[in-house]
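Proteins come first, then strands; the chains are lettered A, B, ... in the order of their sequence lines, and each starts at number 1.
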There are 2 protein chains.
Amino acid sequence: MEEALPMTQREAELIERLRHVGLRPTRQRLALGGLLFQGDDRHVTAEQLHGEALAAGVRVSVATVYNTLHQFTEAGLLREVVVEAGRCYFDTNTSEHFHFFFEDDARLMDIHGTNADALTQVLPGLPVAPEGMLVERVDVIIRLRRA
Amino acid sequence: MEEALPMTQREAELIERLRHVGLRPTRQRLALGGLLFQGDDRHVTAEQLHGEALAAGVRVSVATVYNTLHQFTEAGLLREVVVEAGRCYFDTNTSEHFHFFFEDDARLMDIHGTNADALTQVLPGLPVAPEGMLVERVDVIIRLRRA
DNA sequence: ACCGCAGATTAGAATAATTGCAAACTGCGG
DNA sequence: CCGCAGTTTGCAATTATTCTAATCTGCGGT
């Protein structure tokens with residue numbers, strides 16, 4: 001039997017957060033959540049996160065990482081961003097924002113600040129969705145290359 | 001030996017177009033080009049195009065379809081659009097424009113018309129690319145779902 | 001504390017899209 | 001009509017993701 005580890009504030013918050021969206025706070029979900037939601041915004045692939053988990057000594061399968069990422073996305077804790085065929089990123093920043101994508105090193109970066117604001121303001125109104133359709137999400141990706 | 005078929009105007013134009021971008025007008029490239037550049041704008045996946053080619057009685061391998069699509073893209077005859085993890089579309093409309101994506105039937109549609117214009121006008125200036133980087137391309141995808 | 005079970009996790013196989021490769025083929029300039 | 005660089009091909013290899021069926025586990029009820 002394991003000694004009950006002291007629970008940090010962050011852990012307690014994470015548990016509450018999971019419960020709130022109807023997900024049972026299992027060992028794996030807590031571990032992955034802990035890696036994902038530590039401070040600054042992150043953009044990870046399933047592979048990456050799996051690697052980090054293993055490196056941190058957490059036993060977890062790739063399948064579970066995928067399950068968890070999708071469940072988190074479903075629950076609104078993550079946002080999925082597709083940039084390249086056959087690679088998909090999960091973004092811990094779920095607010096309305098756009099992305100820079102650095103093609104040279106396949107890295108994704110949030111765009112925030114005044115530059116993006118004008119763009120944000122223009123988007124909501126247009127273009128009008130076709131009859132009977134509603135806008136699920138708007139993705140704006142600005143692809144960059146070393147000059 | 002085959003009888004030389006009469007060459008239509010469109011075929012001749014396609015040959016010229018390929019030569020102009022430095023691609024040898026081979027049987028396969030002509031067939032695929034013919035399917036792609038017939039009138040209205042198209043959004044096809046490699047699989048789809050391969051299917052169409054076979055249906056049209058053109059012998060061509062999947063590998064060649066991929067090669068050709070990428071060469072055409074490289075040459076500026078096509079534009080690649082990534083919408084879903086593990087599926088990538090090629091758009092015969094290479095001008096600056098945005099896309100609707102119908103999540104229900106995985107279909108892509110160009111956005112043109114006045115609605116998109118305001119957005120187009122806002123894009124060029126911002127957001128400013130980070131130091132030493134230049135904007136390769138801006139992708140705007142508006143994801144739709146049946147209401 | 002202990003039980004039981006619905007929900008979660010797992011390894012490994014299966015699927016899907018795409019790319020790599022080495023051998024065979026073919027426009028096209030000479 | 002020759003020759004070769006550029007193309008194409010089938011197939012194997014890779015990569016990302018999903019499926020599956022057996023096993024495990026959080027947690028409410030006792």
Atom [atom1] of [X] to atom [atom2] of [N]: distance rounded to whole Å?
X        : N       : atom1 : atom2 : answer
Arg87(A) : dT17(D) : CZ    : C1'   : 13 Å
Leu23(A) : dA6(C)  : CG    : P     : 19 Å
Arg29(B) : dG27(C) : CZ    : P     : 11 Å
Leu30(A) : dT25(D) : CG    : P     : 15 Å
His50(B) : dA17(C) : NE2   : P     : 13 Å
Ile15(B) : dC28(C) : CD1   : P     : 8 Å
Leu18(B) : dT8(D)  : CG    : P     : 10 Å

For [X] and [N], is the shortest distance between a side-chain N/O and OP1 or OP2 below 4.0 Å?
X        : N       : value
Arg19(A) : dC27(D) : yes
Gln28(B) : dT9(D)  : yes
Thr26(B) : dT8(D)  : yes

_With a 4.0 Å cut-off on N to O distance, would you call Glu52(B) and Arg42(B) a salt bridge?_
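Yes, this pair counts.
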Correct closest heavy-atom pair for Asp139(B) and Arg79(B) would be OD1-NH2, 2.9 Å
When every non-hydrogen atom of Thr92(A) is compared with those of Asp41(A), the smallest separation belongs to OG1-CA, 3.2 Å
Exercise for the section: Establish, for the pair Arg17(A) and Phe37(A), whether the NZ or CZ atom is under 6.0 angstrom from the six-membered ring centre and no further than 45 degrees off its axis. Expected result: yes
- Task: Check step by step if ring pair (Phe, Tyr, Trp, His ring centres under 6.0 Å) holds for His99(A) and Tyr89(A).
- Result: CA-CA 11 Å; His99(A) 290 104; Tyr89(A) 291 80; 9.1 Å; no
Look at the side chain of [X] and decide which nucleotide, out of [options], has an atom nearest to it.
X        : options                  : result
Ala46(B) : dT8(D), dT18(C), dT9(C)  : dT18(C)
Glu47(A) : dT17(D), dG7(C), dA17(C) : dT17(D)
Arg24(A) : dA8(C), dA5(D), dT17(D)  : dA8(C)

Flag for Gln9(A)-Glu13(A): side-chain donor and acceptor within less than 3.5 Å:
yes
So, with a heavy-atom separation below 4.0 Å from DNA chain C, the residues of residues 57-85 of chain B are Ala63(B), Tyr66(B), His70(B)
Co-members of the apolar cluster containing Val82(B) [side chain, <4.5 Å]: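 Noted: Val82(B) shares its cluster with Val82(A).
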